[in-house]
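Shown next, in structure tokens, is the structure this report addresses.
Since the structure is predicted, the reported quantities are computational estimates derived from the model, not experimental observations. Keep in mind that the numbers below use all heavy atoms, side chains included, and drop hydrogens, waters and symmetry copies. Remember, it's 1-based here, ligands and their atoms both numbered in the order they're listed.
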Amino acid sequence: MNSDYNDVFNLEGPLARALPGYSYRPEQAAMAKAVGAALARLEPLIVEAGTGTGKTFAYLVPALLSGRSVIISTGTRTLQDQLFRRDVPLLARALGLPMKIALLKGRGNYLCRHRLELATQQGTLLAGEGGAARTLARISRWAATTKAGDLSELTDLPEQSPVWPQITSTRENCLGSECPQFSNCHVFEARRNAQAADIVVVNHHLLLADLALKDEGFGDLLPGAEAVILDEAHQVPDIAAQFFGQVWSVRQVQLLMRDITAEILAAGVRDASIAEAVITVDIRLEELRRAVPGGQGRHEWVSLPDAFLDVLPELETAISHIATQLEGLGAGAGTANCARRSATLANALAALREMSDDTGLRWVEANPSGLLLQYTPFEIAERLREYVESRPCAWVFTSATLAIGEDFSHFAARIGLPEARTVRIDSPFDYRDQARIFLPPHMPQPQAPAFAGKFIDACAPLLEASGGRAFLLYTSYRGLAEGVRALQLRFPNPPFPVLVQGEAPREALLNRFRELGNAVLLATGSFWEGVDVKGEALSIVAIDKLPFASPDDPLLKARLEGIRRRGGNPFFDYQLPQAVLALKQGVGRLIRDFDDFGVIVIGDPRVKTKAYGRVFLEALPPSPVIADSAVGAQFLTERLAKLRPALSRASQVT
Ligand code: SF4
């Protein structure tokens, strides 16, 4: 086998024999070569692989052939499942390499037999939570037959179900070797399998929780790995910031109170004072929630009212009091564990209250599942670097969006590896032929009231030419709402189906978009990345504004403050490169295959009027830039006509 992997990737190789419709891509072989070299030398590597490179196989082939024990970390659990169930076994077979592959998720994804038992005993407490008892009965039937205990097998159990935390464990509530179910425990079995495997597939949350020693967790697995490959690595710095900080959640306390009630019931303890103490904690939690101004959102600690800050010490005292009461009970492992958890939560709250604001930012997030009190450090790069350097293995970071042009310095600095070797692999797609970039002339400034309407007006000729087939991507929920209204005004009876984010869950909405084939989807947030719609169903990606993150977000403030403190320029060192990478992600939704075509629209006039606009334009695919919507409309009409001559002839007759 050559170290350039041509024997594997060429048209006479094992991949061509195993994969129907396989095509040779020199870019894929080039990336495999770079990854193989990093694995051989046990060095860090950062690789940007343009869309269409086939980066999954480009890192899997050298990983499998290296004979090393490799951890592969993905951005989402869906990708994790796909790698474990499809890609890795397929390649291992094609390469004739029998190997042990394991899937490891966070413990919150596995059934906890002990807690299922507790929840079943405590059934009455769940009454009034919308069929929870029926759900529990169904889970018990599944629990009797499942091998892995992976809750994704229960496809109709939503993650938001109130039952979920009742039947899964956390590091705090797990009884470990003292658990009566320890020998049958799915969490520990998954970890044992992972330790014995050649290739372990994890996700970034699990990996970073482990690095930050926040369990979840497989702290005992990572030291044995010789290589860690992080796909969708652009997400890593933000996820790391979560784990390197502190989080204290109201939900954790509520779960603890519920567990205390269940454990004392199971232990046959009749102690009215504990029940009263639980009620006191619940009252304080309610006071805390009511003291947060303005419903949902993120609030800086310093902006919180006294009413909020005053409840915190009372809450801390109430939780500590329960810890003392439970310690005195001596009623078994379950109540002892609840006593430890109470003490830990009270101490964590005290630590958060007293934390210095010199090294990080404290903030509160109110969301539908409760309140989170958080501390985010200004700097995570140094800590990531320490972790990487403390483990002498090959670290490979890869994604389609890591560089600004040829420059990786922004991402490399964020992960603390400014000297890491970097490689950029161009997309094999022919963007000059396959796409056009339309920058509408005469657009108002993005904050102007007329902006949303003008943006739809600019897109309208294209939408008419393509008969829909578009993503309209907005940078904010407010922009999205204005966009929906503007589209209704411009197309009171739209000649295409209109889908709006929030009408259905993300995956359901995307499936509907694919099935319809000519829909227009208006969305924001998560639709900017990880969405793959091939073919003419997606022929326009229109982006309203340059995706600068909201300056009011406390998390962003923490990062900018960190940059300021080390003498950097927050705009040029962080906000601009982040926005460029986000734009690349959004634009990357359009061309997903060699036959795809379409028009990218960027409505924000600042790409032309501001000096920094050049940085955005240079980061876009090398497609012709047009300023006339008629040219874009003609491009779409011609391509669609070529694709379906019969349909085109029919429409010309009518
Ligand atoms: S060992 Fe922990 S995770 Fe496993 S069944 Fe017991 S409590 Fe649940």
Is there an N/O/S atom in Cys185 that lies less than 2.8 Å from atom 4 (Fe) of ligand 1? yes
Atoms of ligand 1 less than 4.0 Å from Leu175 heavy atoms? 2 (Fe), 7 (S)
Cationic N near anionic O, under 4.0 Å, Arg192 to Glu189: no
Would a 4.5 Å heavy-atom cut-off, applied to side chains only, mark Asn173 and Leu256 as touching? no
Are Arg115 and ligand 1 in contact, using a heavy-atom cut-off of under 4.0 Å? no
For the backbone of Ala38 and the side chain of Glu43, can you confirm whether one donor and one acceptor N or O come within less than 3.5 Å of each other? no
Would you call Tyr110 a ligand 1 contact, heavy-atom distance under 4.0 Å? no
Do Thr146 and Glu153 have a side chain donor and acceptor closer than 3.5 Å? yes
Would you mind listing which atoms of ligand 1 come within a distance below 4.0 Å of any non-hydrogen atom of Phe188? 1 (S)
Can you name the one residue among Gln578, His204, Arg414 that meets side chain to side chain donor-acceptor pair (under 3.5 Å) with Asp238? Arg414
With heavy atoms only and a cut-off of under 4.0 Å, state how Ser169 meets ligand 1: side chain, backbone, both or neither. side chain
Got an N, O or S from Cys112 under 2.8 Å of atom 2 (Fe) of ligand 1? no
Taking the basic N atoms (NZ, or NE/NH1/NH2) and the acidic carboxylate oxygens, is any pair closer than 4.0 Å for Glu287 and Arg290? no
